[in-house]
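Sequential numbering from 1 along the given sequence is applied to the chain's residues.
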Amino acid sequence: MNITDFFKKNFTWDNRGFLLLLISVIPAIVISILYQPQTGLACFIGMIPAVFGGVRPKRKERVYILLLGVIFPVSLFLGTLLKTYLNIWMVAIAMALLGIMAVWLNTRFKWAPITLGMIIPIIGIGLSYSDFKTPLMIFVVMAAGSITAFIVALFFPEREEPPAPETKLLPKKVAKIYGLLYGAALAAASLLGFNLDHTGWIVGSTAFVMRPMPETEEFRSVWRMVSILVGITAVSIVMLLQPPGMVIVILSAVVTALAAGLHASRAYFMPAFMTYVVFSFLLYPLQSVTEIYYRYFERLSWVFIGIFVAAVFGLALPAIIRAIKKRGDKNVKDQKA
């Protein structure tokens, strides 16, 4: 497979999504000019729901952007609530139960994949905060960003598209084992990260990559590692160069628009864009070289630990269970013979 075929297979470009965000970030750029760059950088975080919402074919369907603008911060608030009021063991149990419930919902309802793909991971990310100041700020900027993008999206003409493939329910036989392992993985990740600065980076990574099918988890794990490495390396290089604040703002705006253009890709590359946007905000005003390096290795370490936890519970343990079952079936067959 040559490089062209690789990109065609793994990446899909969405012109409408790119234009939607390119227009929607303009108010944030204006705020950066009139007020301060840091406020504009926070506004780009508020555009994350619109990145994933895109421009749906019918105008009435574009309210999905507003829905995501609620789901993101509410899930974050729930994680913060757990971290603030529960002890380490109670948080681990709560995350396990939430994970098991999410898997069960996927056996019953066709809307439920959003629980595994978004809600549970973002609840996990919310464990990074032990007070409500940051989640409240995120709620405000996401509300503003989602409303802005929704209004812009209404100006795009409606179009006809083939119906999306029907969502398949998770087989109950698969869910029984996967649900328990998923819950156990979230509990383990919560225990590992509870006393660290950014608990959510571990728990979120575990939740984002662990999937019922081994091939899917392996694919997502590799892409998450690569994309996080690309995103944190890119933003660290920019910050080490110490450009003017407006240069950082423009670069973050472009990355936000690119994320929207590529959000529907097969490759799980969104973490690169999200990391760049979030860390542009976290590292501005420009930090010391030591702080930049610290954040670089902290981000990579915590994310890789989360992926490792997912690999233990999502790949290693299921393989052991299958091997034991296979051996048991062979012994029964031999006895009958």
| query | Going by distance alone, is a donor N or O of one side chain under 3.5 Å from an acceptor N or O of the other, for Thr233 and Tyr296? | reply | yes
Which heavy-atom pair separates [X] from [Y] by the least distance, and what is that distance?
{"X": "Ser128", "Y": "Trp201", "answer": "OG-N, 4.0 Å"}
{"X": "Pro37", "Y": "Val249", "answer": "CB-CG2, 3.7 Å"}
{"X": "Val51", "Y": "Met270", "answer": "CG1-SD, 4.3 Å"}
{"X": "Leu22", "Y": "Val25", "answer": "O-CG2, 3.4 Å"}
{"X": "Ile29", "Y": "Ala253", "answer": "CD1-CB, 4.0 Å"}
{"X": "Thr148", "Y": "Pro27", "answer": "CG2-CG, 4.3 Å"}

Mind checking whether [X] and [Y] have side chains closer than 4.5 Å, heavy atoms only?
{"X": "Met239", "Y": "Ser280", "value": "yes"}
{"X": "Val277", "Y": "Met47", "value": "no"}
{"X": "Thr107", "Y": "Leu169", "value": "no"}
{"X": "Asp5", "Y": "Lys9", "value": "no"}
{"X": "Leu20", "Y": "Ile65", "value": "yes"}
{"X": "Ile71", "Y": "Phe52", "value": "no"}
{"X": "Ser265", "Y": "Asn10", "value": "no"}
{"X": "Phe139", "Y": "Leu76", "value": "no"}

ILVMFWY network linking [X] to [Y], side-chain heavy atoms under 4.5 angstrom:
{"X": "Trp104", "Y": "Leu97", "result": "no"}
{"X": "Ile250", "Y": "Leu34", "result": "no"}
{"X": "Met142", "Y": "Val74", "result": "no"}
{"X": "Ile31", "Y": "Met246", "result": "no"}
{"X": "Val30", "Y": "Leu41", "result": "no"}

Would you confirm whether [X], through its side chain, and [Y], through its main-chain N or O, come within 3.5 Å as a donor-acceptor pair?
{"X": "Ser227", "Y": "Arg224", "answer": "yes"}
{"X": "Arg62", "Y": "Arg56", "answer": "yes"}
{"X": "Ser130", "Y": "Thr84", "answer": "no"}
{"X": "Lys83", "Y": "Phe194", "answer": "yes"}
{"X": "Ser146", "Y": "Leu66", "answer": "no"}
{"X": "Ser75", "Y": "Ile123", "answer": "no"}

| Any Lys/Arg nitrogen of Glu217 or Arg220 sitting under 4.0 Å from an Asp/Glu carboxylate oxygen of the other? | no
| Salt bridge Glu160-Lys58, side-chain N to carboxylate O under 4.0 Å | yes
A quick test of your reading: do over 12 heavy atoms of other residues, nucleotides or ligands sit less than 6.0 Å from [atom1] of [X]?
{"X": "Tyr293", "atom1": "OH", "answer": "no"}
{"X": "Met101", "atom1": "CE", "answer": "no"}
{"X": "Trp89", "atom1": "CH2", "answer": "no"}
{"X": "Phe304", "atom1": "CZ", "answer": "yes"}
{"X": "Phe18", "atom1": "CZ", "answer": "yes"}
{"X": "Glu166", "atom1": "CD", "answer": "no"}

Distance from [X] atom [atom1] to [Y] atom [atom2], nearest 0.5 Å?
{"X": "Tyr178", "Y": "Ile100", "atom1": "OH", "atom2": "CD1", "answer": "11.5 Å"}
{"X": "Ser205", "Y": "Trp302", "atom1": "OG", "atom2": "CH2", "answer": "12.0 Å"}
{"X": "Ser32", "Y": "Phe44", "atom1": "OG", "atom2": "CZ", "answer": "5.5 Å"}
{"X": "Phe156", "Y": "Arg59", "atom1": "CZ", "atom2": "CZ", "answer": "10.5 Å"}
{"X": "Leu241", "Y": "Ile248", "atom1": "CG", "atom2": "CD1", "answer": "9.5 Å"}
{"X": "Leu186", "Y": "Ile93", "atom1": "CG", "atom2": "CD1", "answer": "13.5 Å"}

| Trp111-Tyr64 aromatic ring centre distance below 6.0 Å | no
| Matching residue for Phe208 among Ile120, Ile307, Ile125, Leu116 - test: side-chain contact (heavy atoms from CB on, under 4.5 Å) | Ile125
| task | Could you check Leu82 against Leu98 for side-chain contact (heavy atoms from CB on, under 4.5 Å), going step by step and ending with a plain yes or no? | result | CA-CA 12 Å; Leu82 296 177; Leu98 286 170; 4.2 Å; yes
| task | Show your reasoning for whether side-chain contact (heavy atoms from CB on, under 4.5 Å) applies to Gln38 and Phe281. | result | CA-CA 6 Å; Gln38 192 171 20; Phe281 172 74; 3.8 Å; yes
| query | Between His263 and Phe273, does a side-chain contact (heavy atoms from CB on, under 4.5 Å) hold up when you go through it step by step? | reply | CA-CA 10 Å; His263 81 280; Phe273 299 116; over 6 Å; no
| request: Quick one: do Ile45 and Phe72 satisfy side-chain contact (heavy atoms from CB on, under 4.5 Å)? Show the steps, please. | output: CA-CA 11 Å; Ile45 295 175; Phe72 265 83; over 6 Å; no
